[in-house]
Number of protein chains: 2
Amino acid sequence: MKQPTILDVADRAGVSKSLVSLVMREPERVSEASRVAVLAAAEELGYRPNAVARSLVQRRTKVIGVVLSDLHNPFFADVADGIEEAAFQRGYRAMLSSGFLDPKREHGAIDMMLELRVDGLIMLGSMMKVTKIEKMVTAVPVTLLGRHTRSKVVDSVGVDDSAGAQEAVDYLIEQGHRKIAHIHAGNVAGSPRRRSGYEKAMRRHGLDEHIRLVRGAFTESGGAAAMTEILASGDLPTAVFAPNDFAALGALEVIDAAGLDIPGDISLVGYDDLALAALPRIGLTTVGQPRADLGREATHLVLERLDEGRESARHVVVPPNLVVRSTTGPPRGAPAS
Amino acid sequence: MKQPTILDVADRAGVSKSLVSLVMREPERVSEASRVAVLAAAEELGYRPNAVARSLVQRRTKVIGVVLSDLHNPFFADVADGIEEAAFQRGYRAMLSSGFLDPKREHGAIDMMLELRVDGLIMLGSMMKVTKIEKMVTAVPVTLLGRHTRSKVVDSVGVDDSAGAQEAVDYLIEQGHRKIAHIHAGNVAGSPRRRSGYEKAMRRHGLDEHIRLVRGAFTESGGAAAMTEILASGDLPTAVFAPNDFAALGALEVIDAAGLDIPGDISLVGYDDLALAALPRIGLTTVGQPRADLGREATHLVLERLDEGRESARHVVVPPNLVVRSTTGPPRGAPAS
DNA sequence: ATAACCTATTGGAACGTTCCATACGATTCT
DNA sequence: AGAATCGTATGGAACGTTCCAATAGGTTAT
């Protein structure tokens, strides 16, 4: 039952442990005869190198820790995929742990990662203050994903939310919309930039007077509440731009319930391009983010520091892309060309 | 930059490394004075115990490896949550890695876990043969989740799919349905039991002659194809029981496109209760599984072997539950009581 | 006063690797 | 023939802990 060690293999093959080690790492540097003998012995014993021992002496684990705030968010699954893939290609592995949307448990997850001596850390949708993170993890490189920061010590990779919002609004205007309302989520990470993109696009088209902000949240119920408020006002916009897909979904539900037609009466745009946006009967027009790319990029940032010795912080911004589906169309009065 | 070790702390506190170690593990066994001195020194240096070194000497890592076939499947996210929670409570941590729906990469993920010397392994939706798994991992306990097996060496925890299917069919019959068709996914893991549950329930109600099996798959397109076939046959059932939610979604799309009403013309039942089933406009009636419970149960199975010395295999089956939403109702002709 | 027994602490071995300086033959060169 | 070189192989130190047997004082019992 006890796992064989390198010494067991060495004994059986009649060579020294050092040679076995060499065969495992650089087989081409060993003579044909020894190599075959060692490999055979290892096979027979079912030997598997002990990464724990290796990590101890090499003082690195070749593991990148990924702390994600919420496993359920489908956004993170794609990102994590990108991370795993990129890490694997460069000889690293990814270890995931979730922070459970709770700062204390997030703290715990980071502690655990650092005790396990991960070589680098990627944080998805973290809820901790950047300064706190900087203080907490000084020993390994960190990349913040999906968050913007001007930190001089931690890297970040995010999406240009302002550009994404502008793209969405530009599209609506192009379809003939003027009265475009925006549901925002206050100061929660991500929302301010989307809102400013909305405002920027409206102003750029001289639609300052039509700017209409309604407070909602990043949740289905937040979107529903905001949409209810809009309907109650009596002054209906012809299009609504929600801060994310969940909120858009809530808005959609309320519009449906009010007996209004989408996109006939109201066009609806979300943000994130979650899988649900593409479902039949939903078909939500939304702003997509290159999720796997984000993960890959974050991994590269970590590896640049690890393997290429970069010292100064880098902040990468990737562009989003609009995905047009069936919740948008020209407004009733003015069929677009 | 170099991380402080236990020796650095010992020096600074003026005690031996052994005492520092003891303070970290069982502070109550150390005198007040020493404890305070050690803790202060550790704090000042920013000392963090090295789990790699500890694991080496203790010959266990307190980590449970979780290999999941697909991060995107929302089913797994909930299960993984349950695993993490249960593991954490018992002093273990969970390390996730995805097999990417590819047997080769799954093999690689297992290899990596074993090299990292995880103490136990949980496999979600594995695509490997049980005998292969048994052969591959002899050193640590394994639990198969979401799969049934009678293996004498690996444990398993799964849902009673036959019971779930029967519950769904019973419900349809109770609503007044007689002509109930079942889309199945061939011999892919999970499908046979759901099918036999369907058949059992039909027979139990004397509806043998109405049993109708249509070959589909566990995917949206598989469900769509099967539904297309059903519509083309000209002989419409009043209810369709799909093998999972994705397939149900595909069927739903086809029924919509044909201009038929759900549930007026056809009632539709899925399986899994994915998040999408609860979305507005979808409202799919489906069979739910206690996902977090599955995860917790799997963790307990592993820990029973690890900490309580269980040797013989255990196979746990948990009951599913029907979730009625809006894709089901009485058939046109016969309004239920 | 000595033996016996605590409690608090310590030093060294062990865990399973990698890394490095060194050793060993066998060639090749002078 | 001896020196230099080369390709292989080796032994021992190191990585940072935990564990255990041993020790040093202090207290209690005889």
Side-chain angles (χ1 to χ4, degrees), chain A residues 1-39 41-42 45-63 91 112 114-119 139-140, chain B residues 1-39 41-42 45-63 91 112 114-119 139-140:
Chain A
M1 201 63 193
K2 183 177 166 289
Q3 298 243 56
T5 75
I6 204 169
L7 283 173
D8 299 319
V9 177
D11 277 357
R12 179 172 256 256
V15 299
S16 73
K17 64 178 185 0
S18 305
L19 190 61
V20 176
S21 173
L22 197 57
V23 171
M24 293 298 152
R25 289 174 293 121
E26 300 168 77
E28 69 282 359
R29 285 184 40 190
V30 173
S31 74
E32 174 81 17
S34 309
R35 193 187 331 137
V36 171
V38 167
L39 256 19
L45 293 174
Y47 170 71
R48 225 183 275 277
N50 184 329
V52 174
R54 178 192 308 141
S55 296
L56 182 61
V57 46
Q58 292 191 148
R59 262 141 2 131
R60 64 187 167 153
T61 50
K62 287 272 182 179
V63 171
M112 150 184 150
L114 293 177
E115 287 190 9
L116 293 174
R117 295 295 193 266
V118 296
D119 291 343
V140 300
Chain B
M1 202 62 194
K2 182 176 165 292
Q3 298 243 56
T5 75
I6 204 170
L7 283 175
D8 300 319
V9 177
D11 278 357
R12 177 173 259 255
V15 299
S16 73
K17 61 175 187 7
S18 304
L19 191 60
V20 176
S21 173
L22 198 56
V23 171
M24 295 298 153
R25 290 174 293 121
E26 300 169 77
E28 70 282 0
R29 284 185 39 189
V30 173
S31 74
E32 173 83 15
S34 308
R35 190 184 338 133
V36 171
V38 167
L39 257 17
L45 294 174
Y47 170 72
R48 226 184 275 277
N50 184 330
V52 174
R54 177 193 309 142
S55 297
L56 182 61
V57 48
Q58 293 192 149
R59 273 122 115 227
R60 63 185 169 154
T61 50
K62 287 271 182 179
V63 172
M112 150 184 150
L114 293 178
E115 287 191 9
L116 294 175
R117 294 296 192 267
V118 295
D119 291 343
V140 300

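Note that the coordinates shown come from a computational prediction; the quantities given were computed from them, not determined experimentally. Protein chains get the first letters and strands the later ones, always in sequence-line order, with residue 1 at the start of each.
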Which nucleotide in the set dA9(D), dT18(D), dA8(C) lies at the smallest distance from any side-chain heavy atom of V30(A)?
dA9(D)

In whole angstrom, what separates E26(B)'s CD from dA8(C)'s P?
13 Å

Side-chain contact check for R117(B): nearest option of dT10(C), dG16(D), dT17(C) is dT17(C)

Hey, is the side chain of T5(A) poking within less than 4.0 Å of OP1 or OP2 on dG16(C), counting only N and O atoms?
no

Here the distance between atom C1' of dC15(D) and atom CG of L56(A), to the nearest Å, is 4 Å

Side chain of S18(B): nearest nucleotide among dG16(C), dT17(D), dT10(C)?
dT10(C)

If the cut-off is 4.0 Å, is S16(B) near the phosphate of dT10(C), judged by side-chain N/O to OP1 or OP2?
yes

Return the value, rounded to whole Å, for the distance between atom CG of L19(A) and atom P of dT8(D).
11 Å

Return the value, rounded to whole Å, for the distance between atom CG of L7(A) and atom C1' of dT10(D).
13 Å

Side-chain N or O of Q58(B) closer than 4.0 Å to phosphate OP1/OP2 of dC19(D):
yes

Rounded to the nearest angstrom, tell me the gap between atom CG in N50(A) and atom P in dA14(C).
18 Å

Taking the minimum atom-to-atom distance to the side chain of V57(B), which one of dT18(D), dG11(D), dT9(C) wins?
dT18(D)

Give V52(B) one of three labels, base, sugar-phosphate or nothing, depending on what nucleic acid heavy atoms sit under 4.0 Å from its own.
nothing

From CD of Q3(B) across to C1' of dT17(D) the rounded distance in Å is 14 Å

When you check the phosphate oxygens OP1 and OP2 of dA9(D), does a side-chain N or O of S34(A) lie under 4.0 Å from one of them?
yes

If the cut-off is 4.0 Å, is R59(A) near the phosphate of dT18(C), judged by side-chain N/O to OP1 or OP2?
no

So, does R25(B) get its side chain near the phosphate of dC19(D), meaning an N or O under 4.0 Å from OP1 or OP2?
yes

Roughly how many Å is it from NZ in K17(A) to P in dA14(D), rounded to a whole number?
14 Å

Output the rounded distance in Å from CD (E32(B)) to P (dT9(C)).
11 Å

If you only use heavy atoms from C-beta on, which nucleotide in dT10(C), dC15(C), dT18(D) is closest to the side chain of R54(B)?
dT18(D)

